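Numbers restart at 1 for each chain; the letters A, B, ... are given by sequence-line order, proteins then strands. Everything quoted here is computed from the prediction, not taken from an experiment. Only heavy atoms go into these numbers, but all of them, side chains included; no hydrogens, no water, no symmetry mates.
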Number of protein chains: 2
Amino acid sequence: MSLLHISTPKPKDVTQKVVDALALAIHEHRLAPATKLGEDEIGEIYNVSRTVVRAALQSLAHIQLVEIQRNKGAFVASPTPREAREVFEARALLEPRTARSAASRATPSDIEILKDHIAKEHAALDAGDNGRALNLSGRFHIEIARIADQDTIGRFIETLIARSSLVIALYWRRESALCESHAHHALVQAIADGDEQNAEELMQSHLVDLNSALDFRDRPAQTLNLRELLQATDQ
Amino acid sequence: MSLLHISTPKPKDVTQKVVDALALAIHEHRLAPATKLGEDEIGEIYNVSRTVVRAALQSLAHIQLVEIQRNKGAFVASPTPREAREVFEARALLEPRTARSAASRATPSDIEILKDHIAKEHAALDAGDNGRALNLSGRFHIEIARIADQDTIGRFIETLIARSSLVIALYWRRESALCESHAHHALVQAIADGDEQNAEELMQSHLVDLNSALDFRDRPAQTLNLRELLQATDQ
DNA sequence: ATATACTTTATTGTATACAATATTGCTGCA
DNA sequence: TGCAGCAATATTGTATACAATAAAGTATAT
């Protein structure tokens, strides 16, 4: 820790910064599912005390990006096939309607923002930075929820997209290409046109496409030690 | 704090106990919206340190039962009319489908549990304990989500019902009677019969009824000081 | 050599101490 | 009286210290 406090500006919310940093690392697949997140370890990385690390981990646990096991610690979440399926079922339930609502409300500046997202997504893909592209793709969906101006449902969608990142990390089929940007482009067009029906349908089929690029059949290889699976504690 | 550790069993998760205690108090309307929740104050009540109180308050903030303002503290949430509307819109989107799913999966023991809930609800109403009746009513809905066996959506519904408690505290119209138990009874019957269509429709109309017993037009009286509303800080 | 009991180490859970910020009350002045 | 500025107080934000638990290692006995 910097003893002289020379390079610690600390202008705002420290905890949130740690949350954002960890979330980004998970979204960009730099932290794999089931990775142990030790409190001291993270604290040293970001030069903060365990107090704020713990708060950050609890935040991430709430949106199920990490799982906290009492007296064991925090791990990057590792959704089961069933959980993975549920995440996309929930998205299929919420997002089409949200897209419809966005189509009815979007302003020109909203459209600009969406197009900007797509452009960045393209750039990341061209640069071969798949992690960043995936993250941007998720933020595209979140942006639509914001435009729809439904805060409550928007929050749900945010957590679903966060978890989607983990699901994709675990269950993505190599064979299928990551060609979402075309779907995103069509969606933006429908929203720009105010075509509610089309926006809803495009979002729905987009999610179906995403789903079909996943293979939930077999559980992914676990990095967890066997002891975890064998001992039958009730905690 | 008990210096001799005589009466501190502390067998499990202390934080969760504080969370549950506060949540129950809010659900039963013993803690009114906008009430300040000081950390020391709560810590003394439950004989725990501020560390666990803070963790508990953060948990409750996640599900939006309390609102935390940086450097100001935690307050029981006070949903705006808009937020209140959104909560019920989201419920209308999620719960009917969940009821349908519950109807397709419910076991006899599930039905027992639901009937038990209704009985307790009746008892609480007869005893004039409206707070407890309201809480039980909410847990009835949560139980249906559990039966539907959709964990992800179930969590969303849980948070929505928690917030509904606040919405009802703020926007309930005196005129309309709290006569939900009849609707709940019919719903259980449909679920017991495995009548998916009916369960979905009953849930939908039940939520419509609930909604029509609320009046979102005027904002409730705020205990908050005006300074809060007048100063335009970006934090 | 394996298994088991015990010891040691590492990590998390909780409490407390200190720092930063906001709130309150006072004082003086117009 | 009313208000501006400062002092005092209270409350939250963060760091650290101590306690409890789990993990790892070691020695011994079978």
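When the side-chain nitrogen and oxygen atoms of A:S49 are compared with OP1 and OP2 of D:dA15, one or more of them lie within a distance under 4.0 Å.
D:dA22 atom C1' lies 11 Å from atom CZ of A:F75, rounded to whole Å. Per the geometry, CG belonging to A:N47 stands 11 Å off P belonging to D:dT16, to the nearest Å. Straight-line distance from the CD1 atom of B:I42 to the C1' atom of C:dT14: 17 Å, rounded to whole Å. As a whole-Å value, the separation of A:Q16 CD from D:dG13 C1' is 15 Å.
Residues forming a side chain to side chain contact (heavy atoms under 4.5 Å, CB included) with A:H62 (at least two apart in sequence, or on another chain): B:H62, B:I63. For A:A25, the side chain to side chain contact (heavy atoms under 4.5 Å, CB included) partners are A:R30, A:L31, not counting sequence neighbours.
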Report each atom pair, protein N/O against N/O of nucleotides 5-12 of chain D, whose distance is under 3.5 angstrom.
residue: D:dT12; atom: OP2; partner: B:E39; partner atom: N; Å: 3.4

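A pairwise comparison of heavy atoms in A:A32 and A:V76 identifies O-CB, 3.3 Å as the closest pair.
Between A:F88 and A:F216, the two ring planes are tilted [angle within 30° to 60°]. Aromatic ring pairs are classed by plane angle as parallel below 30°, tilted from 30° to 60° and perpendicular above 60°; the pair B:F156 and A:F156 is parallel.
Atoms NE2 and OG, from A:H27 and A:S165 in turn, are 5.0 Å apart once rounded to the nearest 0.5 Å.
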